[in-house]
Amino acid sequence: MKLKSVLQTVALATSLVLGGHAKAQELVVWHDLGENGIKWFQALSTEFAKTRPGVTVRSINYPTDQWFGRSISAINTNTAPDLIFNNYERVIRVADQTNKLVDLRPVLATVTDKAFLSEDDLRVATHANKMIILPIQRVQMGFGVRKSWLDKVGEKFPATWADVQRISVKFRDNDPDGDGRANTFGMGLQAAKPRDLIHMIDLFMFGSGLRHTLIDPQGRIVVDEPARAKVLEEVLKAYTEYRYTPPDTINHSFAEMYQVIEGGKAGMFRVGDWNVKKWDQASVLGGDFLIGPWPAFDGRKNSVVIGGMRGVAVPENSPNRAIAIEFAKFMLTKPAQQASLDNVGSGVRKDLDTNGLSERQKQFAASNWTLAAYDFPEAVHAFYPELEAAYHRKLMGALAKPPANWKAFITETANEMRELSARLASARK
C-alpha cells in the first residue's frame, strides 16, 4: 500500500471521528490470548471510545491452530476481520499465505510517541520488506518452579542444569504434592509440533547463554557445535531416559502442557508473562510458583528469554480499514499499553504503572534479570519453517525411539540439516 494511500486512509478515519460524523461501528479483532486477551480488548474498547465515540471493539479468541486457519481463509475469501493480533511469526505465516496485510510502515511514521520501540522491535515487525505488524507486546518467558514443592523436598530455586536434574528426580519420586500417589513430574514440556519441541529447545538454549538453535543468520547449521549439542542432548534426554516429563509428552502441544502445569502435576515449567495472571488465581496455581532465569550450562550466564513480539496487523480487506488503522495506532498509547500490562502482563512502553500487579507480574514488568532475545530466523531465512519442520521430524523419531548414541545422532542430524538447508536456499534463489 503506497504512502499516499495509507495517509489518506488515516486522514479519513481521523476526519470521520474528530469531525463529529462518526457512526456506530464495531471493530472485530481475532487473537489467541484466551480470557486475558478478551478482558484486555474489552478494556481497550472502553478506552478507545473516549476519543472515538460510537466505536466499539469486539475480540474473538481462537485456539492457535484455528486462528491460523480462520485468518488465512477469511482474508483470502474477503471475509476478513478488521484486525488480527498474534505473535509475529504467526502473522508472518498469514502474510505469506495471503499477501494481503497492510504495510504499516507509513502508519507508524504518523505516530509521534514511539521512542520506546527499539530497532529490534521494528526489525521483527518487518517481513518481506513490509511492516506487517505494529509491535505491541514483548514476549518474556522465564523458568517457573512450584515453591511449595521446593520447600517439601528441601531445595532452592535451581540455578544450573545440575540443580534441575537433582530437583526433577525429587519432584518425580518424593510425592511433593502430598497426595500419596506417584503422579508428579519434574517438568511440564511439549513436543507434538515443530514449534512445541523446537520452542522448548530454544528456551533452554537461549536461556543458557547461547544464540541460535538450528541455523545462524549467515545460514550455518549450528546443531552439532559442542556447547549447543550438549544442551540439545540433555533436553532430549529429559523427555526420554531421564523420565522428567509425563510419558506421553511426545504428544503434548500447548493445551496438553498447560493441563499438566495447571493440574498441579509439573514441578518446573515455562512461565510466559501472559500466564501469570491466571496462574496467580486460587483456582489454578494460587501463585505457588517462583520465576527466574533458565538453567545455566557450563558456567555461562543464564537468562530469561524474550521469545517473540506480539503485534497487530490490518488485512487489506478489513471491513472498516480506516478506523482499524486508527485503533492499531491507539494500541501504542499509554492507556492502551497500561491495559495490556494489567491484563496480559506485557507491553512495549517503559512508563507504565506496576502498582496493581502481583509480585510475579512485577518481575516481568521490571525485567531486572538478564534478558536474552530470540534470533527470529523466520525473518532472516525464508525457508526456515520448512527446515524447522524437518528438524522436528528427525528429533521426534529420536524421542519415540531413543538412539544408542546421542552424540552420533546429533552429528548425523546436523549433516542432514546442512544438506536440506542448502537445497532449500538454492530453491529460493
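Along the sequence shown, residues are numbered consecutively beginning with 1.
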*Under 3.5 Å donor-acceptor, Asp216 side chain and Gly219 backbone*: yes

*Does Asn174 reach the main-chain N or O of Pro176 with its side chain, forming a donor-acceptor pair under 3.5 Å?*
no

*Do Ser208 and Asn302 get their side chains close enough for a donor-acceptor pair, meaning under 3.5 Å?*
no

*Mind checking ring pair (Phe, Tyr, Trp, His ring centres under 6.0 Å) for Tyr242 and listing every partner two or more places apart, or none if nothing turns up?*
Tyr244

*Is it true that Arg321 and Glu316 have a side-chain N and a carboxylate O under 4.0 angstrom from each other?*
no

*Sub-3.5 Å donor-acceptor pair from the side chain of Thr160 to the main-chain atoms of Asp163, do we have one?*
yes

_Glu47 side chain reached by Phe330 side chain, heavy atoms, under 4.5 Å_ = yes

*Could you verify whether a donor N or O on one side chain and an acceptor N or O on the other, from Glu262 and Tyr258, lie under 3.5 Å apart?*
no

_Just so I know, are the side chains of Val164 and Met268 near enough to count as touching, which here means a heavy-atom distance under 4.5 Å?_
yes

*How many angstroms lie between atom OH of Tyr391 and atom CG of Leu197, to the nearest 0.5 angstrom?*
8.0 Å

_Lys/Arg-Asp/Glu bridge criterion (N-O < 4.0 Å) met for Arg418, Asp224_ = yes

_Main-chain N/O of Gln140 paired with Asp273 side-chain donor or acceptor, under 3.5 Å_ = yes

*Heavy atoms, side chains only, cut-off 4.5 Å: are Val348 and Ile136 in contact?*
no

*Is the side chain of Thr110 donor-acceptor paired with the backbone N or O of Val107 at a distance under 3.5 Å, no angle test?*
yes

*asked:* Under 3.5 Å, is there a donor on one side chain and an acceptor on the other for His212 and Arg228?
replied: no

*Do the side chain of Thr249 and the main chain of Thr245 share a donor and acceptor less than 3.5 angstrom apart?*
no

*asked:* Taking salt bridge (charged side-chain N to carboxylate O under 4.0 Å, His left out) as the cut-off, I'd like each qualifying pair that reaches into residues 391-400, sequence neighbours left out, listed once.
replied: Lys394-Glu412, Lys394-Glu416

_Is it the case that atom CD in Glu359 sees more than 12 heavy atoms from other parts of the structure closer than 6.0 Å?_
no

*So, the side chain of Gln137 versus the backbone of Met309: is there a donor-acceptor pair under 3.5 Å, distance only?*
no

_Could you measure the distance from the CG atom of Leu44 to the CD atom of Gln338? Nearest 0.5 Å is fine._
11.5 Å

_Within-4.5 Å side-chain heavy-atom neighbours: Leu150 and Lys156_ = no

_Determine whether a donor-acceptor pair (N or O, by modelled atom type, separation under 3.5 Å) exists between the side chain of Ser318 and the backbone of Pro315._
no

_A side-chain contact here means heavy atoms from C-beta on lying under 4.5 Å apart; do Met200 and Met257 qualify?_
yes

_For Glu233, I'd like to know if atom CD has over 12 heavy atoms of other residues, nucleotides or ligands within 6.0 Å._
yes

*Once you round to the nearest 0.5 Å, how far does CD1 of Ile75 lie from CG of Leu101?*
5.0 Å

*Evaluate whether atom CG of Asn99 has more than 12 neighbouring non-hydrogen atoms of other residues, nucleotides or ligands under 6.0 angstrom away.*
no

*asked:* With ring pair (Phe, Tyr, Trp, His ring centres under 6.0 Å) as the rule and sequence neighbours excluded, what pairs involving residues 150-169 come up?
replied: Trp161-Phe204, Trp161-Phe297

Taking only distance into account, with no hydrogens and no angle test, what donor-acceptor pairs under 3.5 Å do side-chain atoms of residues 181-188 form with protein atoms, sequence neighbours excluded?
residue: Asn183; atom: ND2; partner: Asp179; partner atom: OD2; Å: 2.9
residue: Thr184; atom: OG1; partner: Phe171; partner atom: O; Å: 2.6

_Show every ring pair (Phe, Tyr, Trp, His ring centres under 6.0 Å) that has at least one partner inside residues 395-429, sequence neighbours left out._
Trp406-Phe409

_Any donor-acceptor pair under 3.5 Å linking the side-chain atoms of Asn415 with those of Glu419?_
no

*Could you list the residues that satisfy salt bridge (Lys or Arg N to Asp or Glu O under 4.0 Å) with Asp353, not counting sequence neighbours?*
none

*Pairs involving residues 134-148, ordered by first then second residue, that meet salt bridge (charged side-chain N to carboxylate O under 4.0 Å, His left out) (sequence neighbours left out)*: Asp121-Arg138, Arg146-Asp288, Lys147-Asp151

*Atom pair NZ (Lys193) and NE2 (His252), whose distance is rounded to the nearest 0.5 Å*: 13.0 Å

_Results of side-chain contact (heavy atoms from CB on, under 4.5 Å) for Asp351 - residues two or more places apart only_ = Lys334, Arg349

*Side-chain contact test, heavy atoms from C-beta onward, threshold under 4.5 Å: evaluate it for Val304 versus Thr370 and give yes or no.*
no

*Considering only NZ, NE, NH1 and NH2 on the basic side and carboxylate oxygens on the acidic side, decide whether Asp342 and Lys277 come within less than 4.0 Å.*
no

*asked:* Tell me if a side-chain donor or acceptor on Thr411 pairs with a main-chain N or O of Lys407 at a distance below 3.5 Å.
replied: yes

_salt bridge (Lys or Arg N to Asp or Glu O under 4.0 Å) involving Glu378 - partner list, sequence neighbours excluded_ = none

*Can you tell me how far the CG atom of Leu214 sits from the CG atom of Leu387, to the nearest 0.5 Å?*
4.5 Å

*Thr64 and Asp32: side-chain donor and acceptor closer than 3.5 Å?*
yes

*Find out whether Val28 and Ile60 are in side-chain contact, i.e. whether some heavy atom of one side chain is under 4.5 Å from a heavy atom of the other.*
yes

*asked:* With a sphere of 6.0 Å drawn around CD of Glu241, does it hold more than 12 non-hydrogen atoms of other residues, nucleotides or ligands?
replied: yes

*What do the steps show when you test Phe68 against Trp30 for ring pair (Phe, Tyr, Trp, His ring centres under 6.0 Å), and what is the final call?*
CA-CA 10 Å; Phe68 275 128; Trp30 291 356; over 10 Å; no

_Salt-bridge contact Glu155-Lys170 (side-chain N to carboxylate O under 4.0 Å)_ = yes

*Has the side chain of Tyr239 got a donor or acceptor atom that lies under 3.5 Å from a matching backbone atom of Gln190?*
yes

*With sequence neighbours left out, what residues match Asp202 under salt bridge (Lys or Arg N to Asp or Glu O under 4.0 Å)?*
Arg195

*Apply side-chain hydrogen bond (donor to acceptor under 3.5 Å, both in side chains) to the pair Asp280 and Ser358, showing each step before the final yes or no.*
CA-CA 8 Å; Asp280 274 345; Ser358 72; 2.6 Å; yes

_Lys/Arg cation over aromatic Phe376: Arg123, 6.0 Å, 45° cone_ = no

*For Arg243, look at atom CZ and say whether over 12 heavy atoms of other residues, nucleotides or ligands are found less than 6.0 Å away.*
no

_I need the full list of ring pair (Phe, Tyr, Trp, His ring centres under 6.0 Å) pairs touching residues 115-147, with sequence neighbours left out, sorted by first then second residue._
Phe143-Trp294

_Near-ring test Phe289/Trp149, centroid separation under 6.0 angstrom_ = no

*Just how far is it from atom CG of Asp65 to atom OG of Ser253, taken to the nearest 0.5 Å?*
6.5 Å

_Residues in salt bridge (Lys or Arg N to Asp or Glu O under 4.0 Å) contact with Arg172, at least two apart in sequence or another chain_ = none

_Taking ring-ring contact (aromatic ring centres under 6.0 Å, His included) as the criterion, tell me which of Trp274, Phe41, Phe85 meets it with His31._
Phe41

*Between Asp298 and Lys230, is there a salt bridge with N-O shorter than 4.0 Å?*
yes

